[in-house]
Amino acid sequence: MANEELNQVELNQLEEEYNELIRQRIQKLEELKEKGQDPFEIVKYDRTHTSKQIKDNYEELENKTVKVAGRLMSKRIHGKAGFSDIHDRYGKLQLYVKIDNVGEEKLKFFKSLDLGDIIGVEGEVFKTKTGEISVLVKDFTLLTKSLRPLPEKWHGLKDPDLRYRQRYVDLIVNENVRDTFIKRTQIIKAIRKFLDDRDYIEVETPILSPIAGGAAARPFITHHNALDIDMFLRIATELYLKRLIVGGFERVYEIGKNFRNEGIDVRHNPEFTAIELYQAYADYNDMMELTEQLVEFVCKEVLGTTKVTYQGTEIDFKAPWDRITMKEAVKKYAGIDFDSIQSDEEAREIAKKMKVEDELKKELKDCNKADILVALFETYAEKHLIQPTFVLDYPVEVSPLTKKKPNDPAFTERFEAYVFGREIANAYSELNDPIDQKERFLQQLRERELGDDEAYMMDDDFINALEIGMPPTGGLGIGIDRLIMFLTDSYSIRDVILFPTMKPTK
RNA sequence: GAGCCACUAGCUCAGUCGGUAGAGCACAAGACUUUUAAUCUUGGUGUCCGGGGUUCGAUUCCCCGGUGGCUCACCA
């Protein structure tokens, strides 16, 4: 086949695969290659300053020559001159190109650049007559040819599907998205600082594990070929971290992903980031203080204030937070006093009267006082807990890793922290009695046999660790994504996860 | 997993009571040496999400499917 015919075939393929805008850009790239100016052959560019450095040090840099680099985001061409904006990681920087400085050929090249191209620029720092700090271009280099057009400059990229699937585009054109993810990094950094300053050590425990323990959730199952065993992605870090308390580390934490094979919505992503920490010789009261101080510190460090507005509601994270027991909350918001309820039968009558049957996970007849207390709490109380509030003392049945209250063994030393009606933290005085723990696991196994596929799995080695001996210990878990949602006023968890889980497109 | 809604140019969106479609931005050509959503003139954007049905004719109506959003369920 002749070359001309080959080229025609290639052109036809381009026609099919790409629209006109992309073909034009590919054409421009081809012309550059023919002239020996293939931008993709360039391996580096030594810039001297970022946009921020130039703006922060204008007095010093005025009329000095600098080299900057970034993505071309707008062009305003006026014949023999033109203005243009490039963006680097710190923001926008205006360029001024004049034929007097670059010559006719280079000006023509500049005009042919497309929005989205990445360029390196050498020029002098100056202020325009409107006062904008800019760079007067003396020379520039095309470092990367962008082959696809960017979204519209005024409205940005709005389509949620595209924003999540092509986060790189979202980040280029939506400044608030960049800000959110920079804050995310700062929040996690502040958490580490707070804990490191208090002598906690950060550790890494297995994500891939033969037992998915430490929480009630459906796990992802995978397979290890060489060992020929099924393995689970972790649903929590709890049981490994407590082993390290047994090992004598005394204060440990881990920030990492957990994986739960459950639904996706504005508050749930199958993989999400949590922190868990454990402190020997402490109880859940210590964990409460630690939680409110940690969050207060993070707010001040990242936002400079403890007050945030979330979806139009002001929330103040300043410590101390409100404390209320689950029973008190149900009494306050549902009007039911559980201290006066003697039997499961009586509780079931209440459940019917209060219309919480649909909230129950089992048939009403199989429910006990604890199940109904929790259902009433979730139905009537949760939504009122707008300002940060610790809900204390959960029933033992729903807390299989928690110490019972010494004076009230039907309840446990456990709290969850609520903000805006949502749980953001969960903490216990950790159960360290190996015999009790084994019984609780066995109870969970019975629940599993009754069809609860979220019941806890038996972990014999964890029992072994407790038999070696774990000191009295306080433990705390915080949903990092949710905390970030509050501190960045994000409605959906997908807005604080760079690449949220999406169904693949065919 | 269920219900409701959306899907039209690269992007943001109009529109067609059923007769194959428009605007702005972006793009192309021209004018313009301090603009900043630059401006002015001119021009072309397209599997109207996919498949089937009804119809002389479907982007539009109906059914099935895809992806997403919201609400609910599960859950943190």
How would nucleotides 21-26 of chain B be written as a contact map, 5' to 3', with B for base contact, S for sugar-phosphate-only contact and - for no contact, using protein heavy atoms under 4.0 Å? ---BBS

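Ion pair A:Glu124/A:Lys64 not flagged as a salt bridge, since none of the NZ, NE, NH1 or NH2 atoms sits closer than 4.0 Å to an Asp/Glu carboxylate oxygen. The pair A:Glu413-A:Lys403 does not meet the salt-bridge criterion, since no charged nitrogen lies less than 4.0 angstrom from a carboxylate oxygen. A salt bridge is absent between A:Asp393 and A:Lys327: the closest approach of a Lys/Arg side-chain nitrogen to an acidic carboxylate oxygen does not fall below 4.0 angstrom.
Counting non-hydrogen atoms under 4.0 angstrom, A:Gly479 reaches nothing in the nucleic acid. Using a 4.0 Å heavy-atom cutoff across all strands shown, A:Lys158 reaches sugar-phosphate atoms only and no base atom. Residue contacts shown for A:Glu132 include a base, since a base heavy atom lies under 4.0 Å away. Counting any heavy atom pair closer than 4.0 Å across all strands shown, A:Asn269 reaches a base atom. Residue A:Gly156 is in sugar-phosphate contact alone, with no base atom involved, counting any heavy-atom pair closer than 4.0 Å across all strands shown. Residue A:Arg218 is in sugar-phosphate contact alone, with no base atom involved, counting any heavy-atom pair closer than 4.0 Å across all strands shown.
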Dot-bracket notation for RNA chain B, counting Watson-Crick and G-U pairs under 3.5 Å, with | for partners on another strand: (((((((..((((.....[..)))).(((((.......))))).....(((((..]....))))))))))))....

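Atom CG of A:Leu162 and atom P of B:G69 are 12 Å apart (whole Å).
Note that CG of A:Asp489 is 9.5 Å distant from OG1 of A:Thr313, once rounded to the nearest 0.5 Å.
Figure legend: A:Arg414 and A:Tyr428 shown without cation-pi pairing, the cationic atom not lying both under 6.0 angstrom from the six-membered ring centre and within 45 degrees of its axis.
Residues from residues 481-494 of chain A that place a heavy atom under 4.0 Å from any atom of RNA chain B, listed by number: A:Arg482, A:Tyr491, A:Arg494.
Residue side chain A:Asp159 does not reach the base of B:U12 through any donor-acceptor N/O pair under 3.5 Å, judged by distance alone.
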